[in-house]
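No experiment lies behind these values; they were computed from the predicted model shown. Order of listing sets the numbers, starting from 1, for every ligand and every atom in it.
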Amino acid sequence: MDKFVVRGGNPLLGTIKVSGAKNSALPCMAAAILTGDELILENIPQVRDIETERRLLAAMGAEVDLGYGRAQHRTSIRCAVLSDPVAKYEIVKTMRASSLVLGPLIARTGIARVAMPGGCAIGGRPIDLHIKGLEAMGATITQDHGYLEARTNRLHGAHIVFDKITVTGTEDLLMAATLADGDSLFENCAREPEVSDLAALLNAMGAKIKGAGTSTINVHGVAKLHGARHRINPDRIEAGTFLIAGAITGGDLNVDCCNPAHLGALIAKLEACGVRLNVGNDHIRVRSGGSLKSTSISTEEFPGFPTDMQAQFTALATQIEGTTTVTENIFENRFMHVQELNRMGANITVEGRTATVRGRTPLESAAVMCSDLRASASLVLAALVADGETILDRVYHLDRGYEHFEEKLRNVGAQIRRMGDVFSKK
Ligand code: EPZ
């Protein structure tokens with residue numbers, strides 16, 4: 001398994017480019033199931049989860065072409081015939097977002113067989129709200145040997161109030177409602193930019209969606225959708241990770257090709273810490289303003305502070321004078337990075353859903369273990385300021401959601417290299 005070797009100490013200097021958003025690309029690729037025409041998606045990040053999604057769709061009979069070379073961020077997908085509408089366990093077990101095909105499959109074919117996602121490092125992550133919503137739209141869903149079997153003649157519109165705000169739950173039902181008979185009204189929806197990005201694609205395919213990006217969404221079902229071309233949003237979590245990389249290393253970094261409007265909560269917290277940010281239309285320059293002051297965070301649904309930035313902010317807090325409290329409200333087990341950071345010399349205690357970070361503690365190199373995507377990013381950030389060479393194991397977690405992470409960081413001065421067989425490019 002690949003490892004990273006990181007020697008700390010270099011401030012990051014220069015411009016670093018942000019790729020397309022993994023969490024937009026995945027639902028947008030699943031949306032291809034809703035039509036037999038070709039879908040062309042641009043700004044698709046080259047990360048492992050996209051490769052997994054390609055395999056998932058191809059196994060159902062879809063033609064999926066992940067562009068390479070000059071077209072390496074363009075993907076064309078055609079689901080003319082879905083000969084085998086099954087999301088197989090071998091694939092679903094590696095990526096929970098596979099459950100995003102449930103709604104589109106049942107809406108397009110009237111039948112779907114989707115492996116139930118198992119446990120996850122960051123929490124239980126059930127999909128009961130997806131199932132409940134599809135049942136309200138007329139699907140019959142049964143469980144069979146670890147698979148969900150869903151059937152319907154045709155879905156119908158429904159009034160659904162989500163018990164809890166769920167991103168992929170909103171996306172799954174939104175896709176299902178586009179081909180349903182009649183109108184759907186969704187309330188307490190997720191307002192994440194990824195939901196708006198998906199809705200923009202669906203409307204370009206001929207859907208009739210209003211209100212995406214707000215907590216109330218209306219969908220007027222149509223009989224058929226057609227092909228479209230769509231450019232995926234920049235990845236706000238990758239952009240946020242680079243902002244913290246610039247701040248924690250005391251660097252001067254221009255984070256380019258991002259959308260600052262998607263980063264409001266993080267920008268506010270970094271400025272409250274004393275980080276200097278110059279915000280442009282599609283870029284943010286970050287410079288750390290000398291000694292930073294502690295500011296506590298509490299993760300919320302968008303537009304609140306994103307849970308996917310919590311681990312990275314926790315790493316920054318180890319380098320800030322004073323006590324920072326970090327409260328995780330979205331997932332019940334998202335502090336896997338804490339013990340690894342403490343192994344590097346941090347002073348963090350966890351009580352229930354709150355971590356208390358006492359800083360500033362000089363970090364030292366150690367052998368650490370990656371456990372999930374964002375926890376891994378926080379360990380790389382810590383290693384960039386640690387004294388000595390840190391060895392990060394199981395970086396396949398990072399490859400799931402960060403495109404060419406180590407190359408991008410090396411190009412702005414980080415001393416980081418990958419050990420083991422390189423992440424294979426076809
Ligand atoms: C999406 O996951 C993202 N993944 C996650 O990013 C992100 O952390 C999360 O939203 C929250 O922002 C993708 O978009 C592919 P949720 P999702 O459903 O949709 C509970 C990353 O690092 N819930 O909004 O799975 C759930 O357990 C990943 O890129 C139910 O109880 O998250 C959680 O506590 C990690 N029943 C809360 O809701 C349901 O049916 C929010 O989860 C669905 C969710």
Side-chain angles (χ1 to χ4, degrees), residues 19-31 45 47-50 52-53 56 92 94-103 114 116-136 141 148 160-176 186 188-198 215 232-233 235-241 262 265-266 299-313 328-334 336-337 353 370-378 397-403 405:
S19 301
K22 165 186 78 83
N23 290 348
S24 268
L26 294 173
C28 286
M29 289 175 76
V47 295
R48 196 178 289 271
D49 276 8
I50 296 299
T52 305
E53 183 84 3
L56 183 72
V92 172
T94 63
M95 182 181 73
R96 308 182 53 73
S98 309
S99 55
L100 273 167
V101 300
L102 184 58
V114 173
M116 296 170 71
C120 169
I122 64 176
R125 303 185 74 181
I127 58 168
D128 57 315
L129 300 176
H130 299 230
I131 296 167
K132 193 174 165 203
L134 289 170
E135 287 174 335
I141 302 184
L148 293 172
I160 294 169
V161 182
F162 287 97
D163 302 339
K164 211 173 180 178
I165 294 176
T166 160
V167 177
T168 51
T170 302
E171 293 166 344
D172 202 9
L173 299 190
L174 192 57
M175 289 189 275
F186 298 140
N188 199 28
C189 298
R191 293 179 277 166
E192 270 66 6
E194 294 76 35
V195 174
S196 308
D197 205 13
L198 172 65
S215 47
I232 299 289
N233 272 353
D235 195 316
R236 61 192 170 100
I237 306 299
E238 185 192 18
T241 304
H262 295 166
L266 177 65
T299 64
E300 310 290 343
E301 295 87 1
F302 191 88
F305 191 95
T307 173
D308 294 347
M309 283 305 306
Q310 178 261 98
Q312 300 92 315
F313 195 90
E328 174 55 56
N329 294 311
I330 307 295
F331 292 110
E332 59 273 25
N333 183 36
R334 202 165 203 182
M336 300 287 277
H337 45 287
R353 288 188 174 233
C370 299
S371 55
D372 64 79
L373 175 58
R374 309 305 172 183
S376 317
S378 87
H397 285 290
L398 260 165
D399 293 332
R400 291 192 51 184
Y402 288 94
E403 179 179 296
F405 197 54

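- With sequence neighbours excluded, the residues satisfying salt bridge (charged side-chain N to carboxylate O under 4.0 Å, His left out) with Arg334 are Asp308.
- Side-chain contact check for Glu300 and Asn329: at least one donor-acceptor pair (N or O, by modelled atom type) lies under 3.5 Å.
- Looking only at side-chain heavy atoms (C-beta outward), Thr170 and Phe162 come within less than 4.5 Å of each other.
- Remark: Ser99 engages Ile127, His130 in a side-chain contact (heavy atoms from CB on, under 4.5 Å) (not counting sequence neighbours).
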Return a table of N or O atom pairs, ligand 1 on one side and protein on the other, at distances under 3.5 Å, rounded to 0.1 Å.
unit_1	atom_1	unit_2	atom_2	d
ligand 1	2 (O)	Arg125	NH2	3.2
ligand 1	6 (O)	Asn23	ND2	3.3
ligand 1	6 (O)	Asp308	OD2	3.0
ligand 1	8 (O)	Asp308	OD1	2.6
ligand 1	8 (O)	Asp308	OD2	3.4
ligand 1	18 (O)	Thr166	OG1	2.6
ligand 1	19 (O)	Thr168	N	2.8
ligand 1	19 (O)	Thr168	OG1	2.6
ligand 1	22 (O)	Arg334	NH2	3.4
ligand 1	22 (O)	Arg374	NE	2.8
ligand 1	24 (O)	Val167	N	2.8
ligand 1	25 (O)	Arg125	NH2	2.9
ligand 1	29 (O)	Lys22	NZ	3.0
ligand 1	29 (O)	Asn23	ND2	3.0
ligand 1	29 (O)	Arg374	NH2	2.8
ligand 1	34 (O)	Ile330	O	2.7
ligand 1	36 (N)	Pro126	O	3.3
ligand 1	36 (N)	Asp128	OD1	2.6
ligand 1	40 (O)	Pro126	O	3.3
ligand 1	40 (O)	Asp128	N	3.2
ligand 1	40 (O)	Asp128	OD1	3.1
ligand 1	40 (O)	Leu129	N	2.8

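- With sequence neighbours excluded, no residue forms a salt bridge (charged side-chain N to carboxylate O under 4.0 Å, His left out) with Asp128.
- Salt bridge status for Lys22 with Glu403: absent, with no side-chain N to carboxylate O gap under 4.0 Å.
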